[in-house]
K.L.:
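The structure that follows is given in the form of structure tokens.
Excluded from the calculations below are hydrogen atoms, water molecules and symmetry mates; all remaining heavy atoms, backbone and side chain alike, are included. Just so you know, ligand 1 is whichever comes first in the structure, and atom 1 is the first atom listed for that ligand.
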Amino acid sequence: MRKLFNIALGLLCLCAASCAPKDPIEKKVDDLLSKMTLREKIGQMNQLSGGYSSIEAAAKGECGSILNCVDPVEINAVQKAAVEQSRLGIPVIASRDVIHGFHTVFPIPLGQAATFDPELVEKGARIAAIEATSYGIKWTFSPMLDIARDSRWGRVAEGSGEDVYLDATMGAAMVRGYQGADTQDPTSMAACIKHFVGYGAAEGGRDYNGVSIPERSLRNTYLPAFKAGVDAGALTLMTSFNENDGIPSTGNKWLLTDVLRNEWGFDGMVVTDWNSAGEMIAHGFAKDLKHSAELSLNAGVDMDMMSFGFIAHLEELVKEGKVSEKDIDRAVRNILRLKFRMGLFENPYVDEQKAGAMDYAPEHLAAAKQAALESAILLKNDENILPLTNKKTILLCGPLADNPYDQMGTWTFDGQKEHTVTPLAALQKDFNVIYEPVLASTRDLSTANLGKVRAAASRADAVVVVVGEEAIMSGEAHSMSDLRLKGAQSQLIEAARQTGKPVVAVIMAGRELTIGGDLKNCDAMLYCFHPGTMGGEALADLLTGRETPSGKLPMTMLVEAGQAPFYYNHNRGGRPCNGTETLLADIPLQAGQTSLGNTTYYLDSGYGPLFPFGYGLSYTEFEIKNVKLDKNSYGKDETVKISYDIANVGKVKGTEVAQLYVHDVVGSVARPVKELKRFARVTLEPGETKTLTFELPVAELAFYGLDMTCKVESGDFKLWVSNDSASGEPVDFEVR
Ligand code: GLC
């Protein structure tokens, strides 16, 4: 009887499920798909670059999307061809690399990560979407979620650095910002989490180079941010150029189907990177373009960006039985679902009259300035030389002191330098400025004008040197093997030091450079990455003391490039360095053949980094103390409640980033010495103390262990609440 009842119940559920009203979008997708020819289906899977040049294909229903067109008239022309001339009138979706702002340019994403302010990052993405969608852009290829632990890789500029939690938090914030609360809203822009996966681990920091990341490291380090992006509702994902262990991501079925679809339930659309399908030939993974189309479709790719393999070969591959129309239907469903979700069928056209209506709106500029303020990291401030109060005249020098173009940073196709506020333009409102660029560019090796520094400094109360990288020196394909300042920029800082006046060095770069050699030649250093449109005004507020720096390093800052990859959340290893080992300078001549320190360090560049992940000073000082747990033993379904006191023990108001790190002392596999699990920006008046808490569910201590299942392992743990990854005292607790 019981068995019969269960069968009946099962049948009832089955019927209910099949009778349940389908998600209206799924029904529309089914209806439309059922009308499409094979050629029309394949046409949707083809993304083309450019506007007018794509009209013919769009009219034939052979272009599902365009990129690199931002003219609303041109976009509408392509859309008109697709909607009014193609047989089924399926709209195209226009896309663009809107990476850190559209017209109003925000700090590069690595700079935004340094704010440790996800709400602000979300706001910046929302502003970018408002500006870009007014031109007809409905899809951005952002956020980049690649964990990056090697500043030689130029694309560190586009991500959130080395830490899993920071990367996931900032990536999810951008997804929410771009897409907004309602993807049918005209200002919603589909996000694209990229580059899936492991691209930032390129061997040697050389872009496009292969990576070797075993599955456990993928799952514990490189995949979590993408899972966070999927959970945040990202509507699209982009495959990465690189291969991992010999398998290019664009042809990796385990990655694109088993993990992304079957494990995570991702129902968005997967696009390749630019010709990354075709590049599988160069990888030696595909025989030819036809073979690359077969491999990428069968792996789980939906749309092909600019290899033309799908449009050229999928029909014959179906005839040959090498790909199935069922798989093509899968891809087209994902594409149509995206377009329905974005409201393109109801509203395919952009209102050309309203294009740019919100560009550089005061609230946009204010947000960009706030991001530039919060992204600035104070690395040094001897004798509290900053802020430059009671300094009337400053000598402002350096190739980036008045460089509106490079200040915007990498991937700013649509940034308009005419709107950039440079340090020179801003500082002239607060100081009597003597301006001497001295170098023609960041790569200018000439020292002929260094003498001008001494002459000009005699008339100044302080010297501000703005140096760093041109925008082109970071970003895609721009790897560097030497991370020191280029040209004669270090000599310029030295010349400033020789004037005997207080020297403030300001670095604008797309990565963390090795500036250790420059530190001794300045009294203070502000690291601003490329701060975007409002960088000059933010700098003026910081130098005058109207604002106080609060940025924190999103990557470990190296002494030498040769230390890379170097990151705080490393495994301990069997011979951790204790910081007392013999250094090169201490080794006697004809030294005996001992192995010296017997631990992991560098004879020449020493025991650790220049500055740790999470480091950044303020004009005031903070103390974090009385870190207490609500108990010291937890079940796996409980939550660790951590209270701590944070005090502003200095003389001015400031904001600290309290950081919670955890270490799993013994695991079924070795675990990182520390992992960031929470952070909070805390603003305090001088003398003010707050008692705050973090709550950390024990479940968030789960990881993929020896048996490759994701679970929390019982045992001893340590935790820190501190103001960077290298400070603070541990508190012990156990998980039962
Ligand atoms: C580039 C980049 C990718 C970008 C795409 C479209 O090669 O790797 O990040 O979104 O092409 O421009």
K.L.:
Report the nearest protein non-hydrogen atom to atom 6 (C) of ligand 1: residue, atom name, distance rounded to 0.1 Å.
P.N.:
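Ranked first by proximity to atom 6 (C) of ligand 1 is Asp97 OD2, 3.2 Å.
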K.L.:
Tell me whether ligand 1 is touched by His195 - counting only heavy atoms on the residue side and a distance under 4.0 Å.
P.N.:
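Under 4.0 Å: yes for His195.
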K.L.:
Tell me whether Trp411 has any N or O atom under 3.5 angstrom from an N or O of ligand 1.
P.N.:
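Not met; the criterion fails.
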K.L.:
Which residue holds the protein heavy atom closest to atom 2 (C) of ligand 1, what is that atom called, and what is the gap in Å?
P.N.:
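Going by distance alone, atom 2 (C) of ligand 1 is nearest to Glu476 OE1, 3.2 Å.
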K.L.:
Compute the shortest N/O to N/O distance between Arg155 and ligand 1 and return yes if it is under 3.5 Å, no if not.
P.N.:
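Indeed, backbone or side chain, Arg155 has an N or O that close.
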K.L.:
Which protein heavy atom lies closest to atom 3 (C) of ligand 1, and at what distance to 0.1 Å?
P.N.:
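Of every protein heavy atom, Asp273 OD1, 3.4 Å lies nearest to atom 3 (C) of ligand 1.
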K.L.:
Quick one: does Tyr178's side chain have a donor or acceptor within less than 3.5 Å of a partner on Ala234's backbone?
P.N.:
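Judged by distance alone, no pair lies under 3.5 Å.
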K.L.:
Does Tyr199, backbone or side chain, put an N or O under 3.5 Å from an N or O of ligand 1?
P.N.:
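N/O-N/O distance below 3.5 Å does not exist for this pair.
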K.L.:
Would you say Tyr567 and Asp163 are linked by a side-chain donor-acceptor pair, where the criterion is simply a distance under 3.5 Å?
P.N.:
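No - no donor-acceptor pair under 3.5 Å links their side chains.
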K.L.:
Looking at the rings of Tyr135 and His103, which for Trp means the six-membered one, are their centres under 6.0 Å apart?
P.N.:
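Yes, ring centres under 6.0 Å apart.
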K.L.:
Give, for atom CG of Asn262 and atom CH2 of Trp264, the distance between the pair rounded to the nearest 0.5 Å.
P.N.:
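That separation rounds to 12.5 Å.
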K.L.:
Under a plain distance cut-off of 3.5 Å, with no hydrogens placed, do Ser65 and Gln47 share a side-chain donor-acceptor pair?
P.N.:
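Distance-only check passes for Gln47 and Ser65.
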K.L.:
Under 4.0 Å from any heavy atom of Lys194, which atoms of ligand 1 are there?
P.N.:
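In order of numbering, the contacting atoms are 3 (C), 4 (C), 9 (O), 10 (O).
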K.L.:
Is the closest heavy-atom distance from Glu158 to ligand 1 below 4.0 Å?
P.N.:
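Flag not set, Glu158 not near ligand 1.
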K.L.:
Start with the C-alpha distance between Asp302 and Arg330, add both sets of side-chain angles, then the distance that settles salt bridge (Lys or Arg N to Asp or Glu O under 4.0 Å), and finish with yes or no.
P.N.:
CA-CA 8 Å; Asp302 300 323; Arg330 170 223 79 212; 3.3 Å; yes
K.L.:
Taking atom types as modelled and ignoring hydrogens, do the side chains of Tyr405 and Thr420 form a donor-acceptor contact shorter than 3.5 angstrom?
P.N.:
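Side-chain D/A pair, Tyr405 to Thr420: absent.
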K.L.:
I need the atoms of ligand 1 closer than 4.0 Å to a non-hydrogen atom of Phe241, numbered in the order shown.
P.N.:
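Atoms satisfying the 4.0 Å criterion: 7 (O), 8 (O).
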